[in-house]
Amino acid sequence: MGGAYETDAIIIGAGPVGLFAVFELGLLGIKAHLIDILDKPGGQCAELYPEKPILDIPAIKSITGQQLTEQLIEQISPFDPEFHLNEMAVSLEKKDDGRWKIETDMGTSITAPVICIAAGGGSFQPKKPPIPDIEQFENKTLFYSVRKRDMFRDKNIVIAGGGDSALDWTNNLAPIAEKVTLIHRRPDFRAAPDSVEKMHALTAEGKVDFHVAQITGLEGTNGQISAVKTTSADHGDREIPCNMMLAFFGLTMKLGPIAEFGLDLTENRIAVDTEKFESSVPSIFCIGDMAHYPGKLKLILSGFHEAALMAHGAFHYVFPDKKLKFQHTTSSRSLQAQISGK
């Protein structure tokens with residue numbers, strides 16, 4: 001995280017459509033960096049329904065969100081994309097040479113002649129629990145994601161939630177934390193069964209405490225948590241001491257800072273043409289669910305089509321002195337060599 005980079009294209013959003021955009025750009029010799037607020041590629045597919053079958057990808061009868069993500073990452077690997085995960089694009093600046101400079105909330109800056117917004121319905125924002133005065137602890141000792149694992153080393157951590165993120169970080173932080181306590185409002189989980197089994201094994205070994213309870217409040221001063229207040233049918237009201245907290249109560253979609261980029265918006269989506277999927281601002285493109293045009297269908301396969309046309313539009317900004325030669329991957333030896341990495 002952090003640092004300054006230069007590339008050919010910046011893709012905001014590393015969901016399936018953003019990932020496939022890397023492939024289409026790569027075929028034309030365009031290098032890409034991707035920015036995503038999530039801690040892994042895949043967007044909604046990987047975060048919200050990794051095991052849910054997707055049935056409308058051409059020639060594939062059924063594929064899960066996680067499988068689709070993994071296969072897309074394998075497909076684009078010859079083009080060496082650079083990922084900036086756990087980061088949100090927060091500012092956009094037009095440089096004197098005509099290129100764009102994007103900065104993230106983690107201090108990363110990336111400069112490129114082309115931007116492609118493929119952020120689905122927007123950026124994922126954490127759902128905040130209805131806990132009084134929670135704001136005073138946020139980003140100090142209470143967090144909604146893990147950006148630096150070592151921040152939690154030797155800490156007494158309470159993790160709240162029952163999904164994959166809560167279980168994954170319970171299991172991952174248990175070896176380095178002083179203590180980990182998992183709190184969920186019911187004994188059942190929405191997480192992968194393997195993760196649940198690992199958590200129960202850690203509980204049996206005394207490395208994790210698990211409580212079925214509802215969080216009612218926080219204790220602490222000046223942003224430092226000292227305890228989490230809970231209530232449950234079995235134990236009534238009690239306080240669980242801690243000095244760090246992770247809250248995983250799900251995600252919601254918001255347009256976020258992209259709304260301030262000066263683009264024409266229609267119902268919180270970006271208006272584009274259907275020739276190049278270019279926005280109202282030249283050299284800024286938009287594909288996937290956030291793109292708006294007559295007849296738009298919010299389908300992954302539609303986003304794949306949009307990525308191909310976007311790449312051809314982007315080529316003229318990246319290589320203004322070159323003529324684009326259209327080639328088929330089935331017959332072009334140079335494209336086949338690129339894709340195979342040989």
Side-chain angles (χ1 to χ4, degrees), residues 5-36 43 72 75-76 78-82 89 92-95 97-102 110-122 255 258 261-266 269-330 332 334-335 338-339:
Y5 303 87
E6 294 189 0
T7 189
D8 297 328
I10 304 166
I11 301 172
I12 301 175
V17 173
L19 294 174
F20 189 66
V22 173
F23 181 81
E24 290 295 329
L25 291 166
L27 291 178
L28 303 181
I30 300 171
K31 296 291 185 183
H33 281 227
L34 300 95
I35 301 169
D36 202 293
L72 283 165
Q75 184 181 37
I76 66 176
F79 301 112
D80 295 321
E82 186 87 20
L92 176 67
E93 173 193 347
K94 188 74 174 283
K95 295 175 68 69
D97 62 7
R99 294 183 300 164
W100 296 102
K101 179 183 177 183
I102 279 185
I110 313 172
T111 302
V114 163
I115 292 172
C116 176
I117 299 170
L255 192 56
I258 291 173
F261 284 5
L263 308 171
D264 283 349
L265 299 177
T266 302
R269 292 193 286 157
I270 297 170
V272 295
D273 63 47
T274 51
E275 179 189 358
K276 304 182 297 292
F277 294 90
E278 194 167 15
S279 74
S280 58
V281 178
S283 70
I284 298 183
F285 300 81
C286 182
I287 59 177
D289 284 0
M290 192 177 281
H292 175 78
Y293 55 88
K296 166 70 181 180
L297 294 176
K298 290 186 177 182
L299 297 172
I300 294 173
L301 64 89
S302 300
F304 289 168
H305 155 77
E306 295 160 10
L309 292 180
M310 174 279 300
H312 282 246
F315 180 90
H316 300 289
Y317 291 106
V318 178
F319 304 116
D321 299 326
K322 290 185 179 181
K323 186 175 181 179
L324 176 58
K325 180 184 177 183
F326 180 72
Q327 302 178 84
H328 291 282
T329 56
T330 51
S332 169
S334 62
L335 292 182
Q338 286 187 65
I339 294 168

| task | Using the test side-chain contact (heavy atoms from CB on, under 4.5 Å), find all partners of A311 that sit at least two apart in sequence or belong to another chain. | result |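 Counting only residues at least two positions away or on another chain, A311 forms a side-chain contact (heavy atoms from CB on, under 4.5 Å) with E24, L25, L28.
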
| said: Once side-chain contact (heavy atoms from CB on, under 4.5 Å) is applied, do any residues pair with K323, and if so which ones, sequence neighbours excluded? | reply: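 Residues passing side-chain contact (heavy atoms from CB on, under 4.5 Å) with K323: none at all.
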
| Got F315 and K322 here, is their nearest side-chain heavy-atom distance under 4.5 Å? |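 Touching, per the 4.5 Å side-chain cut-off.
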
| Side-chain touch L72/F20, heavy atoms, less than 4.5 angstrom |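 The answer is yes; the side chains approach within 4.5 Å.
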
| Identified side chain to side chain contact (heavy atoms under 4.5 Å, CB included) counterpart of F261 within the set I115, I12, I270 |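 Going through the options one by one, the only one that passes is I12.
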
| Looking at W100, is K95 sitting on its ring face, NZ or CZ under 6.0 Å from the six-membered ring centre and within 45 degrees of the normal? |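 Judged by the rule (NZ or CZ under 6.0 Å from the ring centre, within 45° of its axis), K95 is not positioned above W100.
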
Using every non-hydrogen atom in the two residues, find where [X] and [Y] come nearest and quote the distance to one decimal.
| X | Y | value |
| --- | --- | --- |
| P113 | D8 | CD-O, 3.2 Å |
| I300 | P16 | CG2-CB, 4.2 Å |
| A21 | M310 | CB-CE, 3.8 Å |
| A14 | D36 | N-OD2, 2.7 Å |
| R269 | M290 | CB-O, 3.2 Å |
| V272 | A291 | CG2-CB, 4.0 Å |

Atom [atom1] in [X], atom [atom2] in [Y]: separation rounded to 0.5 Å?
| X | Y | atom1 | atom2 | result |
| --- | --- | --- | --- | --- |
| F277 | L309 | CZ | CG | 5.5 Å |
| I30 | H312 | CD1 | NE2 | 9.0 Å |
| F23 | Q75 | CZ | CD | 4.5 Å |
| T7 | E82 | OG1 | CD | 8.5 Å |
| I11 | L19 | CD1 | CG | 8.0 Å |
| D289 | L297 | CG | CG | 10.5 Å |

| Which pairs pass side-chain hydrogen bond (donor to acceptor under 3.5 Å, both in side chains) with one or both residues in residues 270-282, sequence neighbours excluded? |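 side-chain hydrogen bond (donor to acceptor under 3.5 Å, both in side chains) check on residues 270-282 returns E278-Y317.
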
| said: With side-chain contact (heavy atoms from CB on, under 4.5 Å) as the criterion, how do I284 and L92 come out once you've worked through the C-alpha distance, each side chain's angles and the decisive distance to 0.1 Å? | reply: CA-CA 11 Å; I284 298 183; L92 176 67; 3.8 Å; yes

| query | Would you call the rings of H33 and Y5 parallel, tilted or perpendicular, where under 30° means parallel and over 60° means perpendicular? | reply |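 Answer is tilted, since the angle falls between 30° and 60°.
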
